Amino acid sequence: MRDTNLLQLALGLTPPWMVTRSDFDPDAKRLDIEIDFAPGSRFVCPNCGAADCPAYDTERTSWRHLNFFQHQAYINARVPRVRCDECGIRKAHVPWARPESGFTLLFEALLMTMVAAMPVRTVARMVGEHDTRLWRMVHHYVAQARARSDASEVTKVAIDETAARRGQDYITLFVDIDQARVLFTTEGKDADTVAAFAEDMAAHGGDVEAVSEVCIDMSPAFIKGVAEHLPNAAITFDKFHAVKIVNDAVDQVRRAEQKGQSLLRGTRYIWLRNPQTLSERQQATLDALPTRHLKTARAYQIRLAFQDLYDQPSAEAGAGFLKKWYFWATHSRLTPMIEAARTVKRHWDGILRWFDSRIANGLIEGINSLVQAAKAKARGYRSTRNLKAIVYLIAGKLDLELPA
Ligand SMILES: [Zn+2]
């Protein structure tokens, strides 16, 4: 078998396309495969699909293909512009690459698999291409797959924001809770993000009125956005954020007390953790402290009790428990704890809603860790647009429809 026939088989070429030559240059570490079509071949019009269009003229084009061992491989061909009776002169499509791409479909499939697993910058370096070319390809596949994504079954949504570049910019994520996927992400963290989500959801066959449960933190912007754009959604305040508010209050008590109480130096992380997770050394430090006389220790007990809310067996038990907790916290004479309790009071129903919605923290944390991974992979991403594309790629459960 001649090597051109072998290449033809390997590339899956069918008539009128055939391999006419291959040039291997070991010094340049490069393999060039020449493809051509038989004289007199007819083509499909790329615009209307009419078959049997003759070639009008040709344009020489090159595509990067999968490496041949350690050598870069390129496909070169003259691509016909075809004459269609309806559409005039049009550049024909070739079966091995999508229009306007300088990569073959198989090379793109490999690159997309790589960028889902490692930073785009790293992939660019590994394959010896500039990363802007890779980003252009990522945006193409993500946009195509996003256009096909279906939001018609969505009824439960978690909303969370995350810092983009060094905390200067934010993106907000909208997660489909049932399918554990990022449905939508957009710049900012204000109420308008919810408006943008509602619009996007409608554009993907979703019904904003069918959204019955939403999980958010206590940000007034999200509360307002949900009220305006997801009219039938009951709000659950995310358990993690609720606990964090009480935990932050403990830290404030500790900082104030530490000024007059040197024993507390270096204990910050003890109070931020749960007793079960303390290291032996931290436990020993805690045991040696005169906890009965420390405000910080009292504040810490109030926080631990708040967490016990989520172990109550029912919504009724939870409501009763929270009332008692509120009384205790507001009578603690610890200003940060009183303020945290008042914040809890203002968000009472949404905190207790957890007993009905049971929106699992694990899911949101799982998505968050995917987003953290996306940030790492988008390192050097230069724009929030790039970050959003990687978030979709990694956490969007998109069907990219890559060639196999
Ligand atoms: Zn046509």
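Remember, it's 1-based here, ligands and their atoms both numbered in the order they're listed. Since we're looking at a predicted model, the values are computed, not measured.
- Among the backbone and side-chain atoms of C53, no N/O/S atom is found under 2.8 Å from the Zn ion (ligand 1).
- Relative to the ring axis of W135, R133 does not place its NZ or CZ within 45° and under 6.0 Å from the centre.
- A cation-pi arrangement is not found for R146 relative to F184, the charged atom failing to lie both closer than 6.0 Å to the ring centre and inside a 45° cone about the ring normal.
- Rounded to the nearest 10 degrees, the angle SG (C84) to the Zn ion (ligand 1) to SG (C48) equals 100°.
- By the 6.0 Å and 45° rule, R136 does not stack over the aromatic ring of F103.
- Put simply, the side chain of R353 never gets that close to the backbone of T236: no donor and acceptor are under 3.5 Å apart.
- Note: angle at the Zn ion (ligand 1), from SG of C87 to SG of C45, is 110° (rounded to 10 degrees).
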